[in-house]
Structures are given as structure tokens and as C-alpha cells.
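See structure below.
Quantities reported herein were computed from a predicted structural model and do not represent experimental measurements.
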Protein chains: 2
Amino acid sequence: MKTKFERILRSLNLKSTPKRIAMLEVLDDEQVYLSPEDIWLRLKKRFRTLGLPTVYRNLEGLFEGGVISRVIHPDRKLYYYLCRNEEHHHHFICMSCRRVEDVRFCAERELQEAVRSGIRGKVLSHILQINGLCHACLKKEGTVHVS
Amino acid sequence: MKTKFERILRSLNLKSTPKRIAMLEVLDDEQVYLSPEDIWLRLKKRFRTLGLPTVYRNLEGLFEGGVISRVIHPDRKLYYYLCRNEEHHHHFICMSCRRVEDVRFCAERELQEAVRSGIRGKVLSHILQINGLCHACLKKEGTVHVS
DNA sequence: TTTCAAATGAAAATTGTTTCTATTTATCTC
DNA sequence: GAGATAAATAGAAACAATTTTCATTTGAAA
Ligand SMILES: [Zn+2]
Ligand SMILES: [Zn+2]
Ligand SMILES: [Zn+2]
Ligand SMILES: [Zn+2]
């Protein structure tokens with residue numbers, strides 16, 4: 001009986017090592033985006049000898065495999081988020097608490113059209129991210145740390 | 001008689017130094033995004049003692065003043081672009097030649113609505129960027145270097 | 001021209017991220 | 001279950017883009 005994460009790793013031809021699984025668990029447990037160091041800090045108690053390079057490598061592998069997504073951040077550091085939603089969609093990022101929520105809306109069609117007709121180019125990818133304050137953070141104003 | 005760039009700098013309470021003006025000229029001449037080092041390389045012939053930190057500092061100041069915009073790049077380095085279009089809009093980035101073109105379309109209203117009703121949060125900003133191949137690069141296929 | 005905050009150059013520091021290499025481990029096969 | 005093998009990993013070191021520091025210069029206002 002394989003766990004969900006073991007199956008995911010297998011399907012990507014990645015070995016299901018305890019550390020990879022633990023990383024996915026950490027990401028899955030929190031609905032916020034995390035930096036490699038965040039994940040490393042959360043796991044180094046459990047794995048005495050977990051190296052930061054391992055965390056970086058695994059996150060990048062999982063990102064390339066499409067299991068996790070990156071967050072665009074003003075500080076230009078790496079942040080990752082594990083989203084359970086399989087469909088194409090985009091993300092709302094809370095600038096205060098790092099919570100990530102799905103935004104169903106995507107103007108892909110209109111963008112394609114604007115590029116084809118106006119620019120006469122070809123769309124390869126698009127980035128859409130909304131930065132703001134989530135419902136919870138809106139309520140506890142004053143505690144807000146917008147970086 | 002002040003030049004356009006002198007007026008812009010003045011309005012931002014930035015001194016109009018020869019180097020700042022030259023940086024704006026470089027950005028204005030090319031309709032592509034440039035890195036701090038790109039700009040430094042283009043100017044260090046003219047200014048024997050131009051330092052890279054000065055370029056970084058000035059670009060950041062111009063960005064904060066809203067004169068130039070940043071480009072989101074897979075390599076996560078800094079790239080800037082001087083856009084003449086004053087209205088709110090977004091950018092199409094050619095992955096091959098760095099050309100930047102304006103995309104009129106913006107789904108701001110729909111995004112606002114999705115966040116207000118579904119997420120019940122507050123939108124502070126949004127990022128929309130389309131990556132692709134421009135018309136010129138589409139024609140000369142084979143020369144394409146998608147990084 | 002005098003004044004002074006802002007801008008700058010040069011060197012050094014910072015720091016997030018990546019590379020390198022020897023060792024360990026997951027998984028495949030028998 | 002016991003090798004065989006390529007993938008994964010730790011630890012140290014390297015890297016490289018960006019930022020800081022500080023002494024000096026310069027733009028612009030009076
Ligand atoms: Zn929040
Ligand atoms: Zn999502
Ligand atoms: Zn192009
Ligand atoms: Zn534009």
C-alpha cells in the first residue's frame with residue numbers, strides 16, 4: 001500500500017526517499033508558500049543530517065515535475081507551494097501571512113488573442129499572480145506586516 | 001530648456017546627473033529589457049569610472065519612482081524596461097530576443113471580483129506577464145534560443 | 001560662490017543558491 | 001533475501017548577483 005506521495009514520486013521517476021516524502025508532507029500541511037530554508041528548518045529536527053542543498057535539489061525536481069509551484073516574490077527568493085488543484089489556475093498570495101488561495105479566473109483566451117492579433121507573436125507561458133491580504137488578515141488589521 | 005528625462009528626474013526629486021540621464025537614454029533606445037550589467041557595459045565606455053553599484057542604485061530608484069518596470073525572468077535576475085505607455089497595462093516578453101511589447105488586455109476587474117467574492121480578501125497588486133516569441137523571432141525559427 | 005544633502009566609486013561584505021565529491025540508499029534483478 | 005547500480009545525499013566549498021560601507025565628489029539651491 002503506497003501513500004499518495006509515494007505514487008507521485010514514482011510517476012515522476014523520482015525515488016521515494018524519506019526526506020522527499022517529508023518535504024511534501026510539510027508543504028501539504030501548510031497552505032502557505034515556503035522557502036527552501038523554511039522547509040529545512042522544519043525538518044532538521046526529524047532528520048539530523050538534512051542538508052540545505054538536498055532541499056534545494058528536491059524542491060527544484062518537484063517543481064520541474066509539476067508537483068509544486070513557485071511563488072513570485074518581491075524579494076526574489078525562491079518560494080514553493082503545493083497546490084492540490086489539478087486544473088489550470090492562478091494564485092492569490094497574502095502579503096501578510098503567506099497564505100495561498102486559488103483564483104479560478106484566467107484570461108488565457110483573451111491573452112492569446114491579444115498576442116496573436118496585435119503582437120503577432122506566440123504565447124509560450126504566462127504569469128498571473130495576485131498579491132493582497134487574505135480574509136483572516138483583513139480582520140486583524142494592525143498586525144499586518146506588508147513587506 | 002530641459003530634456004524629457006531631466007524633467008522626469010526632477011519630478012521624482014532625483015538629481016539629474018549625467019549618468020542617470022545616460023541610463024534612461026540607453027533604456028529608451030532599446031525596446032528590450034536590460035540587466036544592470038547590460039547597462040553598465042553599454043555605458044562604461046562613455047563614463048570611465050561608472051560603478052556597478054551606481055547602476056543598481058539608480059535603476060532601483062527609477063523603478064520605485066515608476067519610471068521603469070521590472071521584468072519577471074526565469075533566471076531570477078534583475079531586468080528593467082522603460083515603457084513609454086503611461087496607462088495601466090502589461091507586457092509581452094520575447095524569450096528569444098528580449099523584446100518587450102505592450103499588452104492592452106488586463107483582467108483587473110474580474111480579478112478584483114474573484115478575490116472579493118471567493119477569497120474575501122483585498123487586492124494590493126497583480127502581476128501579469130506573457131512570455132513567448134515575438135513576430136520577428138517567429139519568422140527566423142532555428143535561431144531561437146529559449147532559455 | 002557657498003553650502004549641503006544627494007550621488008558616486010571602489011572595495012568589501014553579504015547571502016541565497018549551486019557545485020563538487022565521496023558516501024549512502026532506494027530499487028531492480030536474480 | 002542478497003547483490004548490483006544508478007540515484008540521492010551530506011558536507012564543504014564555490015559562486016555570483018546584489019548590497020553595504022565610507023570617503024570623496026557633485027548637483028542645485030540660496
Ligand atoms: Zn493573510
Ligand atoms: Zn492552486
Ligand atoms: Zn523576439
Ligand atoms: Zn508597456
Side-chain angles (χ1 to χ4, degrees), chain A residues 1-3 5-24 26 33-41 43-65 67-68 70-80 147, chain B residues 1-3 5-24 26 33-41 43-65 67-68 70-80 147:
Chain A
M1 179 55 190
K2 290 200 185 304
T3 73
F5 294 139
E6 283 174 318
R7 264 182 277 114
I8 289 175
L9 290 172
R10 164 60 56 90
S11 75
L12 295 174
N13 281 322
L14 296 173
K15 290 183 179 173
S16 59
T17 67
K19 286 164 185 176
R20 273 200 183 117
I21 292 165
M23 286 176 60
L24 284 167
V26 165
Y33 61 82
L34 296 171
S35 70
E37 194 181 15
D38 291 331
I39 293 166
W40 179 68
L41 289 171
L43 288 177
K44 74 174 182 180
K45 305 143 198 165
R46 181 143 42 121
F47 301 93
R48 210 69 65 71
T49 65
L50 176 61
L52 208 34
T54 295
V55 178
Y56 273 91
R57 275 185 300 244
N58 286 344
L59 285 171
E60 194 51 27
L62 293 168
F63 170 71
E64 281 174 6
V67 185
I68 59 179
R70 279 205 191 130
V71 164
I72 310 278
H73 200 280
D75 69 12
R76 281 175 295 112
K77 291 178 193 162
L78 287 169
Y79 294 100
Y80 296 93
S147 61
Chain B
M1 178 55 191
K2 291 200 183 305
T3 71
F5 293 140
E6 284 174 318
R7 262 180 279 116
I8 289 176
L9 290 172
R10 164 58 56 87
S11 76
L12 295 174
N13 281 322
L14 297 174
K15 290 184 180 172
S16 58
T17 66
K19 286 164 185 176
R20 275 202 181 114
I21 291 166
M23 286 176 58
L24 284 167
V26 165
Y33 61 82
L34 296 171
S35 70
E37 193 180 16
D38 291 331
I39 292 166
W40 179 67
L41 289 171
L43 288 177
K44 74 174 181 180
K45 306 143 196 167
R46 184 147 36 125
F47 300 94
R48 211 69 65 71
T49 64
L50 176 61
L52 209 34
T54 295
V55 178
Y56 273 92
R57 278 184 297 238
N58 286 345
L59 285 171
E60 195 51 27
L62 293 168
F63 171 71
E64 281 174 7
V67 185
I68 59 179
R70 278 205 192 132
V71 164
I72 311 277
H73 199 281
D75 70 11
R76 278 175 297 113
K77 292 179 194 162
L78 286 169
Y79 293 99
Y80 295 93
S147 61

What is the distance, rounded to the nearest whole Å, between atom [atom1] of [X] and atom [atom2] of [N]?
X: B/E60; N: C/dT8; atom1: CD; atom2: C1'; value: 17 Å
X: A/R57; N: C/dT25; atom1: CZ; atom2: P; value: 15 Å
X: A/R70; N: C/dT17; atom1: CZ; atom2: C1'; value: 11 Å
X: B/R76; N: C/dG16; atom1: CZ; atom2: C1'; value: 8 Å
X: B/L59; N: D/dT18; atom1: CG; atom2: C1'; value: 12 Å
X: B/K77; N: D/dA16; atom1: NZ; atom2: P; value: 9 Å
X: B/L9; N: D/dA29; atom1: CG; atom2: P; value: 13 Å
X: B/N58; N: D/dG27; atom1: CG; atom2: P; value: 13 Å

From D/dT9, C/dT27, D/dA17, pick the nucleotide closest to the side chain of A/R10? C/dT27
Would you indicate whether the side-chain heavy atoms of B/E37 and B/L78 approach each other to under 4.5 Å? no
List the atom of [X], the atom of [Y], and the distance in Å for their closest heavy-atom pair.
X: A/I68; Y: A/F63; value: O-CD1, 3.4 Å
X: B/A22; Y: B/L43; value: CB-CD2, 3.8 Å
X: A/L41; Y: A/K45; value: O-CE, 3.5 Å

With a 4.0 Å limit, can you tell me whether A/S16 has a side-chain N or O closer than that to the phosphate oxygens OP1/OP2 of C/dA26?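 Looking at the OP1 and OP2 atoms of C/dA26, neither is under 4.0 Å from any side-chain N or O of A/S16.
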Any A/T17 side-chain nitrogen or oxygen under 4.0 Å from OP1 or OP2 of D/dT9: yes
Output yes when B/E60 and B/R70 qualify as a salt bridge under the 4.0 Å nitrogen-oxygen rule, no when they do not.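 Here B/E60 pairs with B/R70 in a salt bridge, since their nearest N and O are under 4.0 Å apart.
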Looking at every strand, decide which applies to B/R20 at a 4.0 Å heavy-atom threshold: base, sugar-phosphate, or nothing.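 B/R20: backbone/sugar contact only, no base atoms under 4.0 Å.
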How would you label the contact of A/K15 with the nucleic acid (heavy atoms, under 4.0 Å): base, sugar-phosphate, or nothing?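 Result for A/K15 = base.
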In residues 46-56 of chain B, which residues come under 4.0 Å of DNA chain D by heavy atom?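 Residues of residues 46-56 of chain B that come under 4.0 Å of DNA chain D are, in numerical order, B/P53, B/Y56.
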With rounding to the nearest 0.5 Å, note down the distance linking CG in A/L52 to NZ in A/K44. 9.0 Å
Between A/R20 and A/K15, is there a donor-acceptor pair closer than 3.5 Å when you use the side chain of the first and the backbone of the second? yes
Most 5' of B/P36 and B/P18 on DNA chain D, judged by nearest nucleotide: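 Result: B/P36.
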